[in-house]
Amino acid sequence: MLRDSRFEDLLTGIAPTSRRSFLKRSVAMAAALPAFGSLLAACGDDDDDDDDDDGGGEDADPTATEASGGGGDEATATEEEMTDDDPTATEEMVDDDPTATEEMTDDEPTATEEDSGSGGGDGEPVQGGVFIGLGHHEVASLSPDDWGPSVHYFIVGNIHGRLLKLDPFYVLQPNHAESFEVSDDGLVYTFAVRDGITWHDGETFDADDVAYTYNYYRNPDNAAASASNYVGVIDVEATDASTVVVTLEQPNAALLTRLGQAGLVPEHHHGEIGEDAYKADPIGTGPWILQEWRAAEFTELVANPDYWEGAPNMDGIRENIVPEASVRSIALQSGEADSAVWPLVTDDHLAFLEDPELSDYTVVVTSSVAVNHFMINNLNPIFQDKRVRQAMMFAIDREAIRTDLWQGLAVLATANISPALEFYYEPDVAQYPYDPDQAAALLEEAGWTLNGDGVREKDGETLSWTCTIITGDQARRPEAELVQANLNEVGFNMEIAEAPLATIQEGQRSGDIDMSLYNWTYGGGDGEPDGSNTLRSDARNNWSNWQNERADELLDAGLVETDPDARKEIYSEIQKLVAEEVPFLFIKYWDWFNIYAPRVKGVPEGVLEGDNLYQFLHQMWIEE
Amino acid sequence: MVAFLIQRLLQGIVVLFIVTFFTFGLMQLAPGDPIDIMVGEAIITDEQIELIQDKWGLNRPWYEQYFTWLSNFVQGDFGQSVVRTGVPVSDMVIEAMGPTLKLNALAITFALVLAIPAGIMAAVKQYSVFDSGIMVWASAGVALPNFWIALMLIVLFTGQLGWLPSSTTGTWKHWVMPVAVLAINETAILARLSRGSTLEVINQEYVTTARAKGLSERLVMVRHVVRNALLPIVTVLGLRVAFLLSGTIVVETIFAFPGIGRLFITSVDRLDYQVVQAITVMFVLFVIVANIATDLLYGIIDPRIRVK
């Protein structure tokens, strides 16, 4: 497939296309916003149907995309979807200048307009029909405070509005904020809230609701899981009905991505019933209104006729909860469902890519931003010499894992940032091709010699440990077994055990578990490269107990720095440091599949972030 | 009779206490923190973690948490789910119990209606083609795992034929395959059992006597054979009712049924203590009630037991 060769291109950093450079600039711009403090988003209700194509969409391959699988917020709008009323903001971009400032005007085409056709088919949108998505676990809460999991986000993100919204190309677009300004010192953000938006109960949405939302979730007394969106915020105030001012104690380059995309709740309703009750009784400003919620079975939303971007084409969307991946696949193939919100098994993904009988399905393949990796307990003395960790990387045949176990549906990791983040991705780092001899040499150099049992030892201690994988994790168990064989071949002695994820994570924090295997982000969620919550020495989710002062300095600097080029340098250095130090064994980034049934039309092509296409269902349509 | 019932109920309460105490303790002994599940990958400080722990009482000793739970339970309050914050556990359990009870009731009804006559008929016509057919069916039904049967049915009836929906509830069509999967297994077990117990009875002297008295074959079967053959079936049935609930875990997961089995597995996985406790109580109550019902049925079927 073209997709594979494209990933190889990404790995070697060659052959940038016009679309790629366009995207690069787009990502850079998102990061540049706070630096310039002058973004104007004129996103009125004017007609803006002109298609000023920069050529970006020409070479787009619907299956050759890469992006996050990790629960960000995105948005998209295709040429076909952009109706006269479409007010989505766009950017004036200066070629080859990643720091270009941006004037958002109604007369400009959007990034997605330019870049995409309709993978689901051309033609005028048709009204009616209910879109059925398939999740794998219950929708436990309908509050934006809990919208992290993809299965939740599908529903909760469609109910609630937000000031800004990432599109599937990692470009932040104004949404409920018409425009915003950032002070020169980067400490004061002033958002102009769009007029004419109403809550699902008919009440008027205004700046007070925004201030209420931010102040509620950032208040430590409310113990909100999303409080981290507001780190560093010292004041949020609605100065009038359409202006919100957010004040920080120090610049925060990730603020717009996090705070700007927080789901908004109505003061008149949330304030009255409280957060706990709100989790079951949400009122939003999004394109869909809650109809029925049966957490473990399905959630159904109906179209919001008063949605500010225009009423959705479909009558409703519904998420059925189907835990078994093979059943989700059959449901898709039999026409029972329109998309699997949570992926299928690899063989089924391949079938949708290659089986001619399934060729009329729209398959959106993006690259996850969560790295598939083996966490290493760096507190364990046997792992403290970085040569041991590097030897492990050389000993593992990662290409075999990618091709044999994942059927090529993955891209090898080079450090902590996914190539999906094209602007921040740094390919020029220490490389670890499969080289058992190099692994053995490093171990010898570090003083670990083979004993009679074929296991290396040093000072009476053997290179033995247990890798605890998630109970019943059939997808990754073969990977652990292959790595076990690879490592044991050069004198390591790795055993495999299983435990529930919560048990593993507790053990990792306490240092009782020496190794595990799952996917997690170390920067990259929502296109934001900051990985403070997993890479900092004192981070709660520092699963590998990695202590590195330089990394801490760089992470802190990356958050405060608002110049994109300077940020890029910082995150490049972090990736080089991670590749050199090997705090964990980075294996690969999975391809993330979002498959749409043939009857779903208006699915954009060439996106970088597939998961958040579901946040643009109001612009798609169903054509039987 | 009343004394017997009171005695069994008191025993049941003791069992309930012991089981819930140990379940609670075991859940707490398992390493892991439900807060990890709650916050996921969010960036969160230790102070925020403490606030969340305070809110849910998760930082108190486990026995203290248990007695708080027990005290609330006695007052009919099962607490709130940590995962589905804000939703009372009792609502979740009642909501999930509906589909599970319906599923099991349908499956056991079909199994009884099909298996007992088939088993008895197979015994009466021992070594016939019918008998062999029933035995092959029964062996296959016991040997084939539920999940395999379920997936094969979905492949056939949803994937190939497109006759039946693969998941969730809604119309009667949604129930066909899950009920069939449970019923296939139960039918196999009960058919084998009823055949075996009928064969044991059919050659007893009192049956020969009944025939010698000139009773019609039908009366011999109904009054003497079937009635006596039912005793072991009732015993096993009592056990199966409790077992069926746990057996639905697989079926509910594959067919995406929002039942108690799936809720239980999800809650254990996410360390949602309150929900696990509530479902444990429900399971224990089911077993206790099923056992008492079995004892009472014994008395009805076999008067000698009532006298004892």
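Just so it is clear: chains get the letters A, B, ... in the order the sequence lines come, proteins before strands, and each one is counted from 1.
- Here CG of A:Leu134 is found 7.5 Å from OG of B:Ser166. Values are rounded to the nearest 0.5 Å.
- Taking CG of B:Leu164 as the reference point, atom OG of A:Ser334 lies at 11.0 Å (rounded to 0.5 Å).
- Residues B:Ile254 and A:Val322 form no side-chain contact, since every pair of their non-hydrogen atoms from C-beta on lies 4.5 Å or further apart.
- No donor-acceptor pair under 3.5 Å is formed between the side chain of A:Glu297 and the backbone N or O of B:Phe257.
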| request: Evaluate the side-chain hydrogen bond (donor to acceptor under 3.5 Å, both in side chains) criterion for residues B:Thr158 and A:Glu336: first the C-alpha distance (whole Å), next the side-chain angles of each, then the deciding distance (0.1 Å), finally the verdict. | output: CA-CA 9 Å; B:Thr158 307; A:Glu336 258 191 288; 4.7 Å; no
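- Environment of OH in A:Tyr518: crowded, with over 12 heavy atoms of neighbouring residues, nucleotides or ligands closer than 6.0 Å.
- In this structure, A:Glu357 places its CD atom where only 12 or fewer heavy-atom neighbours from other residues, nucleotides or ligands lie under 6.0 Å away.
- Checked by atom type and distance alone, the side chain of B:Arg262 pairs as donor or acceptor with a backbone atom of A:Ala296 at under 3.5 Å.
- The contact between B:Thr266 and chain A is made entirely by side chain atoms (from C-beta outward), counting heavy-atom distances below 4.5 Å.
- The contact between A:His137 and chain B is made entirely by side chain atoms (from C-beta outward), counting heavy-atom distances below 4.5 Å.
- In this structure, no portion of A:Gln333 lies under 4.5 Å from any heavy atom of chain B.
- In this structure, B:Pro258 and A:Ile321 have side chains that are not in contact, with every pair of non-hydrogen atoms separated by 4.5 Å or more.
- For B:Trp137, the CH2 atom is loosely surrounded, since the number of other residues' heavy atoms within 6.0 Å does not exceed 12.
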